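Please read these numbers as outputs of a predicted model, since none were measured by experiment.
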Amino acid sequence: MWALEQLWIPRRASVFSDTPVALVVGLGSAWFAAASLANAGWLPSAVVEVVALTATHGALLAVALAWGAADAGVRLPQGSAAITVVLIAAGATAGALHEWGGLALMATPLWLAGLAFRGRLRGLGLGRGNSVRPIVVGGIIGALLGGHLLFSASQTLGYPLRAESWLIVLTRWTYDLGANVISAELFFRGALFNRLQRRWSFGAAAALATALSLIRYVSDPLLPGVVEVVVGALFYITVLGGINCWLLWWSGSLAPGLLSSALFFLAYRLLAVG
């Protein structure tokens, strides 16, 4: 097992140790307050959407950074989690203000890439010197799974490809690259699965990490509430989650899973769904 070959801090008593509780609670409270004010008619729904996006992805990334740093014995630059949350909030706000504004979300992965390049994200399976072969395998898997989605959705369910504007595809995929994919992969695979598979078997760890990621995706208000879309999401996210757990376990790197998810969600954005 690759994890046994790495320099890790010994197992901790709790899977949830080193969690930035105050930050997570603060983000959750902000979301609840914004939703309450919007329900009372004192805030526009767009503000709630920005706060919800920030709270969801900001919390996942903040926890992932804290766990990854602790597990690898690496000290992050002061305020790294807060900076990540601010970048998510800025990108979400820009996206709400202008159709091109969502491109600002790309500042988040660029910031995280800088941390990885300096060796600060080794605990999440990110850093320099990743082998090319696993990344190629991840790309092939993501392309095949995305291709299967395009074929089944268009031929079986009748969803056409999005043809009205490439801008819609770009901006929605930017959301995936800048928030959706990185928060899911860094938390559910890089942080949660990484911790669980040091305590349990691979199967049990992958199953729980994937099940929790399913809850996060299915409860996402951005997911169309059509039955076949929800069922399809359950199937594809389960397959993708399990494969990405295996990719991380096999390669020791989160890069293959990030690429497979990015290509899969590109295929999803090409469909005229929602």
Side-chain angles (χ1 to χ4, degrees), residues 19-66 76-116 120-121 124 162 164-188 190-191 213 216-225 258 261-262 265-266 268-269 273-274:
T19 300
V21 177
L23 180 57
V24 173
V25 171
L27 289 169
S29 300
W31 186 356
F32 177 78
S36 300
L37 291 173
N39 189 55
W42 294 345
L43 276 182
S45 59
V47 174
V48 181
E49 293 174 2
V50 169
V51 175
L53 189 152
T54 302
T56 300
H57 301 295
L60 291 176
L61 287 171
V63 174
L65 289 176
L76 289 172
Q78 188 173 6
S80 293
I83 291 172
T84 305
V85 172
V86 169
L87 290 175
I88 290 285
T93 302
L97 295 175
H98 192 273
E99 58 184 357
W100 286 97
L103 293 174
L105 280 169
M106 294 306 297
T108 307
L110 289 175
W111 157 250
L112 295 173
L115 292 179
R120 302 299 181 91
L121 301 184
L124 299 176
R162 197 178 294 279
E164 68 275 19
S165 175
W166 62 269
L167 177 61
I168 295 178
V169 175
L170 177 61
T171 54
R172 295 190 180 186
W173 193 43
T174 298
Y175 161 71
D176 292 322
L177 297 180
N180 186 30
V181 167
I182 60 168
S183 66
E185 292 305 315
L186 263 68
F187 177 74
F188 292 110
S213 71
R216 178 260 173 274
Y217 278 111
V218 174
S219 62
D220 192 333
L222 297 178
L223 181 70
L258 285 168
S261 290
F265 277 97
L266 174 59
Y268 172 70
R269 297 305 178 186
V273 178

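- Within the model, atoms CG of L103 and CG of L170 stand 5.5 Å from one another, a figure rounded to the nearest 0.5 Å.
- Minimum interatomic distance between V50 and A96 (heavy atoms only, all atoms of both residues): CG2-CB, 3.8 Å.
- The closest side-chain heavy-atom distance from V169 to L266 is below 4.5 Å.
- Counting heavy atoms from C-beta on, the side chains of L65 and L121 come closer than 4.5 Å.
- At a threshold of 4.5 Å between non-hydrogen side-chain atoms, the residues I88 and L53 count as touching.
- L112 is listed as a side-chain neighbour of L61, based on a closest heavy-atom distance under 4.5 Å.
- Put simply, CG on L110 and CG on L115 are 11.5 Å apart, with the number rounded to the nearest 0.5 Å.
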Point to revise | Trace of the side-chain contact (heavy atoms from CB on, under 4.5 Å) decision for S213 with F187 | key: CA-CA 9 Å; S213 71; F187 177 74; over 6 Å; no
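- Side-chain N/O atoms of N180 and R172 include no donor and acceptor closer than 3.5 Å.
- Judged as a salt bridge (charged side-chain N to carboxylate O under 4.0 Å, His left out), and not counting sequence neighbours, the contacts of R269 are D176.
- From L27, atom CG reaches atom CG of L60 across 10.0 Å, with rounding to the nearest 0.5 Å.
- With rounding to the nearest 0.5 angstrom, the NE2 atom of H57 is 9.0 Å from the CD1 atom of I182.
- Taking all atoms of both residues into account, the shortest heavy-atom contact from A81 to L23 is CB-CD2, 3.9 Å.
- Of all the heavy atoms in A62 and P20, the pair that sits closest is O-CG, 3.9 Å.
- What you find for P77 and R120 is that their closest heavy atoms are CD-NH1, 3.0 Å.
- Between atom CH2 of residue W42 and atom OG of residue S36 there is a gap of 10.0 Å, rounded to the nearest 0.5 Å.
- Listed for the W173 side chain is a donor-acceptor partner under 3.5 Å among the backbone atoms of A262.
- Contacts of S261 classified as side chain to side chain donor-acceptor pair (under 3.5 Å), with partners at least two apart in sequence or in another chain: E185, N244.
- For the atom pair CG (L76) and CD1 (I83), the distance works out to 10.0 Å, reported to the nearest 0.5 Å.
- Residues that satisfy the ring-ring contact (aromatic ring centres under 6.0 Å, His included) test with F188, not counting sequence neighbours, are absent from this structure.
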